[in-house]
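The structure presented is a predicted model; accordingly, all values stated were derived computationally and were not measured.
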Amino acid sequence: MLHSTLALSLLLIVVTSNLAMAIKKEKRAPQTLSRGWGDEITWVQTYEEGLYQAKKSNKPLMVIHHLEDCQYCQALKKAFAENEEIQEMAQNNFIMLNLMHETTDKNLSPDGQYVPRIMFVDPSLTVRADITGRYSNRLYTYEPQDMVFLIENMKKALRLIQTEL
């Protein structure tokens, strides 16, 4: 009798432990400001905070407009997060903001409010209309295959600070 009670108790402990581990694995990580764009990047919370930090640090602000339920945004996010050079530059040389809503600043939607859209603002708080993507119908959009082009535009934003400001 004691043997079967002990065996049953041990079985109950094993089952409970396995169940607890399964529940723990299913929990999602808490949502951060990165929203999947790069957890190692320091992100600002608002456009206004981004402008302040850009001016204070003399770094360009990179603004990413996106929506969670947009398949194009999700594809771009994956390519962006997996690109080591983009992640390194974003962490070290830019003030970073990703927005899931439109700002009240109409300078950030000069050709419409579409997503995904990536724009650069220099430390003088000027939206860089001269740093655009490859598409004439949506000037500030990028696709997953455009990561090399985005890297070049990030480098251009950094060069313009040195030559113009």
Side-chain angles (χ1 to χ4, degrees), residues 20-105 107-109 113-135 138-165:
M21 286 173 38
I23 290 171
K24 190 174 183 178
K25 284 182 184 175
E26 287 180 23
K27 282 187 178 179
R28 291 185 65 187
Q31 182 73 340
T32 66
L33 290 177
S34 82
R35 298 182 180 97
W37 290 87
D39 292 337
E40 300 302 315
I41 296 171
T42 302
W43 298 88
V44 294
Q45 195 164 356
T46 64
Y47 181 54
E48 292 73 20
E49 180 187 357
L51 293 174
Y52 173 78
Q53 291 295 334
K55 189 168 184 73
K56 180 180 164 187
S57 67
N58 201 39
K59 293 180 179 179
L61 169 64
M62 184 176 183
V63 183
I64 303 170
H65 297 269
H66 64 101
L67 295 172
E68 278 299 314
D69 60 352
C70 167
Q71 67 180 356
Y72 305 105
C73 298
Q74 293 303 317
L76 181 63
K77 179 193 304 187
K78 184 177 186 310
F80 188 98
E82 290 174 353
N83 188 296
E84 290 180 21
E85 187 173 2
I86 287 175
Q87 293 293 301
E88 188 273 325
M89 277 198 299
Q91 176 61 29
N92 297 318
N93 305 109
F94 288 84
I95 303 302
M96 297 296 296
L97 171 64
N98 69 67
L99 294 174
M100 292 176 49
H101 57 81
E102 283 299 328
T103 68
T104 55
D105 188 332
N107 291 316
L108 289 176
S109 54
Q113 294 185 342
Y114 53 86
V115 292
R117 186 169 81 246
I118 299 177
M119 301 185 76
F120 297 90
V121 182
D122 68 31
S124 71
L125 309 185
T126 302
V127 176
R128 297 307 308 220
D130 56 342
I131 303 177
T132 60
R134 297 185 314 128
Y135 308 98
R138 292 183 173 197
L139 293 175
Y140 304 98
T141 200
Y142 295 84
E143 293 182 353
Q145 64 270 20
D146 296 334
M147 292 303 95
V148 171
F149 193 73
L150 178 59
I151 289 167
E152 289 306 313
N153 277 346
M154 291 172 80
K155 289 177 180 177
K156 181 178 180 181
L158 294 171
R159 275 193 312 272
L160 289 173
I161 289 174
Q162 295 171 356
T163 59
E164 292 185 3
L165 300 180

Do [X] and [Y] have side chains that get closer than 4.5 Å, going by heavy atoms?
X	Y	answer
Glu68	Gln74	yes
Val63	Tyr140	no
Met96	Thr42	no
Asn107	Val121	no

Residues in ring-ring contact (aromatic ring centres under 6.0 Å, His included) contact with Trp37, at least two apart in sequence or another chain: His66, Phe80
Interatomic distance, [X] atom [atom1] to [Y] atom [atom2] [nearest 0.5 angstrom]:
X	Y	atom1	atom2	value
Met154	Phe149	CE	CZ	13.5 Å
Met89	Ile41	CE	CD1	10.5 Å
Asn58	Ile161	CG	CD1	6.0 Å
Met119	Ser109	CE	OG	7.5 Å
Lys56	Ile95	NZ	CD1	9.0 Å
Leu97	Leu51	CG	CG	9.0 Å

Where at least one partner belongs to residues 138-149, residue pairs that pass salt bridge (Lys or Arg N to Asp or Glu O under 4.0 Å), sequence neighbours excluded: Arg134-Asp146
Tell me whether [X] contacts the main-chain N or O of [Y] through its side chain, where contact means a donor paired with an acceptor under 3.5 Å.
X	Y	answer
Ser57	Gln53	yes
Asn98	Leu33	yes
Glu49	Gln45	yes
Asn92	Glu88	yes

Closest non-hydrogen atom pair, [X] against [Y]:
X	Y	answer
Pro123	Ala54	CB-O, 3.5 Å
Met147	Leu76	CE-CD1, 3.2 Å
Tyr72	Pro116	CB-CD, 4.0 Å
Gly36	Lys77	O-CG, 3.5 Å
Gly50	Val44	CA-CG2, 3.7 Å
Thr132	Ala129	CG2-O, 3.3 Å

Should we say atom OH of Tyr47 is surrounded by more than 12 heavy atoms from elsewhere, each under 6.0 Å from it? yes
Counting only heavy atoms not in Tyr114 (residues, nucleotides, ligands), do more than 12 fall under 6.0 Å from its OH? yes
Sequence neighbours excluded, the answer for side chain to side chain donor-acceptor pair (under 3.5 Å) partners of Glu82 is Lys78
CA sep, side-chain torsions, deciding dist, call: Phe120, Leu160, side chain to side chain contact (heavy atoms under 4.5 Å, CB included): CA-CA 11 Å; Phe120 297 90; Leu160 289 173; over 6 Å; no
Does the side chain to side chain contact (heavy atoms under 4.5 Å, CB included) test come out yes or no for Thr141 and Arg117, once each step is laid out? CA-CA 5 Å; Thr141 200; Arg117 186 169 81 246; 5.8 Å; no
One pair to check against side chain to side chain contact (heavy atoms under 4.5 Å, CB included): Leu150 and Ile86. What are the steps and the verdict? CA-CA 8 Å; Leu150 178 59; Ile86 287 175; 3.9 Å; yes
CA sep, side-chain torsions, deciding dist, call: Leu158, Phe94, side chain to side chain contact (heavy atoms under 4.5 Å, CB included): CA-CA 9 Å; Leu158 294 171; Phe94 288 84; 3.9 Å; yes
